[in-house]
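All chains are named by letter (A, B, ...) in the order of the sequence lines, taking the proteins before the strands, and each is independently numbered beginning at 1. Only heavy atoms go into these numbers, but all of them, side chains included; no hydrogens, no water, no symmetry mates.
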Amino acid sequence: AQSVTQLDSQVPVFEEAPVELRCNYSSSVSVYLFWYVQYPNQGLQLLLKYLSGSTLVKGINGFEAEFKKSETSFHLTKPSAHMSDAAEYFCAVSLGAISGGYQKVTFGTGTKLQVIP
Amino acid sequence: NAGVTQTPKFQVLKTGQSMTLQCAQDMNHNSMYWYRQDPGMGLRLIYYSASEGTTDKGEVPNGYNVSRLNKREFSLRLESAAPSQTSVYFCASGSWLSNEQFFGPGTRLTVL
């Protein structure tokens, strides 16, 4: 079984300060990893994903994440926070789409990023 | 491309009432999903449909039923609403090619 842990429910950062949102996962097999962002009163949209290859993944809006298998982590970072980054961020893990296209995705509990002017 | 659309956006029900949440996607995806989102609990899978004509239970199916009407549409029905079903409901469709799920804007349901 796969699981995802986002230990920080809220992370406050000052505008232009660096951002790090933590994600750890548990799985006995290889996984795919995702970060989704949810702006207030909206659905989730994909920020970035790791499927294979380079362990440093770049996403939209200047975010990136590094897959560290030895640490079972996939932390999300950004060099400089903008006010528009204030949102809730969800880490997710999947074993990939199986026969028929069904993809079981397990989501973390989310981290709210607060950007302080 | 509208992506994934959901109706209604908001709904208030009394305990015991029934309703159907509608979802449609125009991306030709085989798989579709219904999740509920509650504070501090992330997203939990209610039901999914791997392909047209099939549906299966997810993590929290009790009190819900689903119908995969065709490849585009996947509806979620609450037969007898309970206050514990107050939540935000998201529909998603999945691309096995990109291993990504695409989400609708959500339905905010309150059961009094």
| If every non-hydrogen atom of B:Phe90 is compared with every non-hydrogen atom of A:Gln38, which pair is closest and at what distance? | CZ-NE2, 3.2 Å
| message | For the OH atom on A:Tyr39, are there more than 12 heavy atoms of other groups (residues, nucleotides or ligands in this structure) within a distance under 6.0 Å? | response | yes
| request: Rounded to the nearest 0.5 Å, what's the gap from CD on B:Glu59 to OG1 on A:Thr106? Could you check? | output: 7.5 Å
| task | Given side-chain contact (heavy atoms from CB on, under 4.5 Å), test A:Val105 with B:Tyr35 step by step and report yes or no. | result | CA-CA 11 Å; A:Val105 179; B:Tyr35 293 92; 4.1 Å; yes
| note | Honestly, the part of A:Leu51 sitting under 4.5 Å from a heavy atom of chain B is side chain
| Point-to-point distance, once rounded to the nearest 0.5 Å, from CD of B:Glu100 to OH of A:Tyr32 | 14.0 Å
| task | Under 4.5 Å heavy-atom distance to chain B, tell me which part of A:Gln6 shows up: side chain, backbone, both or neither. | result | neither
| said: If hydrophobic clusters are built from ILVMFWY residues whose side chains come within less than 4.5 Å, do A:Leu48 and A:Val4 share one? | reply: yes
| query | In this structure, are over 12 heavy atoms from other groups packed under 6.0 Å from B:Lys71 atom NZ? | reply | yes
| remark: Heavy-atom nearest pair, A:Phe107 first then B:Leu43, reads CD1-CB, 3.9 Å
| Would a distance-only check, ignoring hydrogens and angles, find a side-chain to backbone donor-acceptor pair under 3.5 Å from B:Tyr48 to A:Lys104? | no
| query | Under a 4.5 Å side-chain heavy-atom rule over Ile, Leu, Val, Met, Phe, Trp and Tyr, are A:Tyr89 and A:Ile60 clustered together? | reply | yes
| note | Looking only at B:Gln101, B:Lys9, B:Met41, most heavy-atom pairs under 4.5 Å shared with chain A are made by B:Gln101
| task | With a 4.5 angstrom heavy-atom cut-off, could you sort out which part of B:Arg108 is near chain A: side chain, backbone, both or neither? | result | side chain
| task | Heavy-atom distances under 4.5 Å only: say whether B:Phe102 touches chain A with side chain, backbone, both or neither. | result | neither
| Are A:Met83 and A:Leu21 linked, directly or through other ILVMFWY residues, by side chains that come within less than 4.5 angstrom of each other? | yes
| Contact origin within B:Leu45 toward chain A - heavy atom pairs under 4.5 Å | side chain
| task | Please flag which part of B:Gln37 lies under 4.5 Å from any non-hydrogen atom of chain A: side chain, backbone, both or neither. | result | side chain
| Within 6.0 Å of CD in A:Glu16, more than 12 heavy atoms from elsewhere | no
| query | Do B:Val111 and B:Val88 share a hydrophobic cluster (ILVMFWY, side-chain heavy atoms under 4.5 Å, transitive)? | reply | no
| message | Please say yes or no: joined through hydrophobic side-chain contacts below 4.5 Å, possibly via intermediate residues, are B:Val60 and B:Trp34 part of one cluster? | response | yes
